[in-house]
Amino acid sequence: QNREESQAAARIKVYRAPVTLRISQDRWYYPASAPVSFKVTAKTAVDSKPVATAVKAELIHRTYEAKTQKNIDTITGNLSLTTNDGGEVLGEFPATKKGGTFLVRVSASAGGRSTDEIIETFVFGGSDFYGDSGENVERSVTVNANKKQYEVFETAEFAIRLPTDKKLP
């Protein structure tokens with residue numbers, strides 16, 4: 001084999017947006033009747049200090065096309081937001097009225113460069129396995145012990161009865 005080695009040097013310039021974004025949610029799933037809410041935090045890229053900046057938010061419905069084996073993303077909502085001096089802003093998209101996988105994408109531009117962040121969430125609807133029941137309804141669970149009092153290190157046995165809408169035979 002003829003093998004020749006030569007030395008070379010290369011320079012690469014990396015341009016980074018002066019702002020970094022972080023998106024978070026207080027929950028990962030929503031009923032179709034509830035708004036999809038999120039929080040955006042913006043900081044400077046150099047020293048990670050909070051910064052006030054304009055943020056664009058998009059709600060994207062993601063469906064999977066089995067035939068082509070690809071995801072299809074459809075933008076279903078847009079918001080224009082501005083973070084406060086603490087670098088934070090709360091955003092909320094109206095209820096989606098349908099279930100499925102949704103993405104929340106936020107983006108900001110500063111100094112001629114842009115940055116974005118994406119988070120995935122799930123909206124369940126009446127046709128989904130979980131349906132619209134139970135999320136906002138609090139019902140009690142009944143716990144019965146086999147004894148009123150136990151000794152130290154004694155194994156306890158409990159019967160747990162979950163709430164049901166129907167009477168069982």
Side-chain angles (χ1 to χ4, degrees), residues 3-141 162:
R3 200 171 187 178
E4 189 176 316
E5 291 183 18
S6 60
Q7 291 185 349
R11 290 187 182 191
I12 300 172
K13 290 185 177 181
V14 177
Y15 294 99
R16 183 176 179 178
V19 174
T20 61
L21 299 176
R22 179 170 292 261
I23 184 171
S24 61
Q25 294 175 290
D26 59 348
R27 60 195 305 175
W28 294 103
Y29 57 91
Y30 297 87
S33 59
V36 176
S37 58
F38 58 95
K39 177 178 158 184
V40 179
T41 305
K43 294 184 178 183
T44 57
V46 177
D47 54 8
S48 293
K49 291 186 179 177
V51 63
T53 188
V55 177
K56 178 185 173 188
E58 296 174 314
L59 183 65
I60 302 164
H61 184 226
R62 174 167 278 181
T63 54
Y64 180 73
E65 177 61 50
K67 189 174 184 179
T68 61
Q69 297 183 347
K70 293 186 178 182
N71 289 319
I72 299 170
D73 293 342
T74 307
I75 297 173
T76 61
N78 289 298
L79 292 174
S80 293
L81 307 167
T82 303
T83 60
N84 59 23
D85 290 335
E88 296 181 344
V89 64
L90 297 175
E92 186 175 272
F93 288 104
T96 62
K97 306 289 188 229
K98 63 180 174 180
T101 301
F102 284 82
L103 306 173
V104 177
R105 178 173 48 208
V106 293
S107 58
S109 295
R113 299 180 192 109
S114 63
T115 185
D116 65 356
E117 183 80 14
I118 296 175
I119 196 167
E120 184 176 313
T121 192
F122 185 76
V123 175
F124 58 90
S127 62
D128 296 316
F129 178 75
Y130 294 106
D132 282 329
S133 64
E135 173 67 17
N136 298 318
V137 178
E138 292 185 24
R139 295 181 280 176
S140 61
V141 174
L162 300 174

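Side-chain atoms of Tyr30 come within 3.5 Å of backbone atoms of Ser37 as a donor-acceptor pair (strictly under, hydrogens ignored). A donor-acceptor pair under 3.5 Å is formed between the side chain of Thr76 and the backbone N or O of Leu59. Within the 3.5 Å criterion, the main-chain N or O of Thr20 finds no donor-acceptor partner in the side chain of Thr115.
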_Before you tell me yes or no, could you show the steps for Val36 and Val104 under side-chain contact (heavy atoms from CB on, under 4.5 Å), namely the whole-Å CA-CA distance, both residues' side-chain angles and the distance that decides it to 0.1 Å?_
CA-CA 9 Å; Val36 176; Val104 177; 4.2 Å; yes
*Assess whether side-chain contact (heavy atoms from CB on, under 4.5 Å) is satisfied between Glu65 and Asn71, documenting all intermediate values.*
CA-CA 6 Å; Glu65 177 61 50; Asn71 289 319; over 6 Å; no
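Remark: Phe124 CZ to Tyr29 OH distance equals 7.0 Å, nearest 0.5 Å. For the atom pair OG1 of Thr74 and NE2 of His61, the computed distance is 7.5 Å after rounding to the nearest 0.5 Å. The structure places OG1 of Thr63 at 12.0 Å from CD1 of Ile60, a figure rounded to the nearest 0.5 Å.
Across all their heavy atoms, Arg113 and Pro18 have their closest contact at CB-CD, 4.5 Å. Between Lys56 and Asn78, the closest heavy-atom pair is CE-OD1, 4.1 Å. Scanning all heavy atoms of the two residues, the minimum distance from Ala95 to Ala32 falls at CB-O, 3.3 Å. Scanning both residues, Leu21 and Ala42, for their nearest heavy atoms gives CD2-CB, 3.8 Å. Looking at every heavy atom in both residues, Ser114 comes nearest to Ser109 through CB-OG, 3.4 Å.
With a 4.5 Å cut-off on side-chain heavy atoms, Phe102 and Thr96 count as touching. For the pair Trp28 and Ile119, the minimum side-chain heavy-atom distance is below 4.5 Å. Taking 4.5 Å as the limit, some side-chain heavy atom of Val106 sits within range of a side-chain heavy atom of Phe38.
At least one test fails for Arg62 against the ring of Tyr64: distance under 6.0 Å to the centre or angle within 45° of the axis.
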Using residues 80-93 as the side-chain source, report each donor-acceptor pair under 3.5 Å to any protein atom, sequence neighbours left out, with the distance given to one decimal.
{"unit_1": "Thr83", "atom_1": "OG1", "unit_2": "Val51", "atom_2": "O", "d": "3.0"}
{"unit_1": "Thr83", "atom_1": "OG1", "unit_2": "Thr53", "atom_2": "N", "d": "2.7"}
{"unit_1": "Thr83", "atom_1": "OG1", "unit_2": "Thr53", "atom_2": "O", "d": "3.3"}
{"unit_1": "Asn84", "atom_1": "OD1", "unit_2": "Gly86", "atom_2": "N", "d": "2.9"}
{"unit_1": "Asn84", "atom_1": "OD1", "unit_2": "Gly87", "atom_2": "N", "d": "3.0"}
{"unit_1": "Asn84", "atom_1": "OD1", "unit_2": "Glu88", "atom_2": "N", "d": "3.0"}
{"unit_1": "Asn84", "atom_1": "ND2", "unit_2": "Glu88", "atom_2": "O", "d": "3.4"}
{"unit_1": "Glu88", "atom_1": "OE2", "unit_2": "Lys39", "atom_2": "NZ", "d": "3.4"}

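Considering Glu120, Glu117, Glu58 as possible partners of Arg105, the one that fulfils the salt bridge (charged side-chain N to carboxylate O under 4.0 Å, His left out) test is Glu58.
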